[in-house]
Amino acid sequence: MKPLENRTWFAAGSLAVSAVLMLGLWLAAGLPLNPSAGAVFVFASLGLWQGVNKLLALALIKLKPSLGAVH
């Protein structure tokens, strides 16, 4: 079994969470949503994903320790 951070379902889920969080921050800051800002949004989401991925993994392993098992 792979570590939680390397599982496809977890990586996709945490990427979706970080994109939603970044969209909320983006709109709260009043930044425009247009194609020219798309690259900035993607890189900002990926940067946020680096932190969200680790924190979400820790939280899920704390709630269900079997997710942290590596065989």
Side-chain angles (χ1 to χ4, degrees):
M1 186 180 287
K2 296 187 286 187
L4 182 60
E5 295 90 355
N6 296 336
R7 296 181 192 167
T8 305
W9 65 268
F10 179 75
S14 63
L15 187 58
V17 168
S18 66
V20 169
L21 287 173
M22 184 50 65
L23 181 62
L25 291 170
W26 194 273
L27 294 176
L31 297 172
L33 285 173
N34 54 33
S36 63
V40 176
F41 180 81
V42 168
F43 283 113
S45 295
L46 290 175
L48 183 61
W49 176 69
Q50 292 294 316
V52 168
N53 190 30
K54 303 297 181 201
L55 291 175
L56 191 57
L58 288 172
L60 286 176
I61 290 170
K62 186 75 170 172
L63 291 174
K64 188 173 180 186
S66 64
L67 287 172
V70 177
H71 302 286

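Just so you know, these numbers use all the heavy atoms, side chains as well, and skip hydrogens, waters and symmetry mates. Since the model is a prediction, treat every value here as computed from it, not as a measurement.
- Proximity of Leu27 to Leu33: side-chain heavy atoms (C-beta onward) are separated by under 4.5 Å at one or more points.
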Kindly list each side-chain donor-acceptor pair under 3.5 angstrom involving residues 15-22, sequence neighbours excluded, with atom names and distances?
residue: Ser18; atom: OG; partner: Ser14; partner atom: O; Å: 3.4
residue: Ser18; atom: OG; partner: Leu15; partner atom: O; Å: 2.9

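- With sequence neighbours excluded, no residue satisfies side chain to side chain contact (heavy atoms under 4.5 Å, CB included) with Leu55.
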Distance-only donor-acceptor pairs under 3.5 Å for side chains of residues 57-65, two or more places apart:
none

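- Both Leu23 and Val52 sit in one connected hydrophobic cluster of ILVMFWY residues. Membership requires side-chain heavy atoms under 4.5 Å apart, directly or through other members.
- Listed by chain and number, the residues in a side chain to side chain donor-acceptor pair (under 3.5 Å) with Thr8 amount to none (sequence neighbours excluded).
- Leu31 and Val40 fall within the same hydrophobic cluster, where Ile, Leu, Val, Met, Phe, Trp and Tyr residues are linked whenever their side-chain heavy atoms come under 4.5 Å apart, directly or through other members.
- Applying the ring pair (Phe, Tyr, Trp, His ring centres under 6.0 Å) definition to pairs two or more places apart or across chains, those involving residues 4-42 are Trp26-Phe41.
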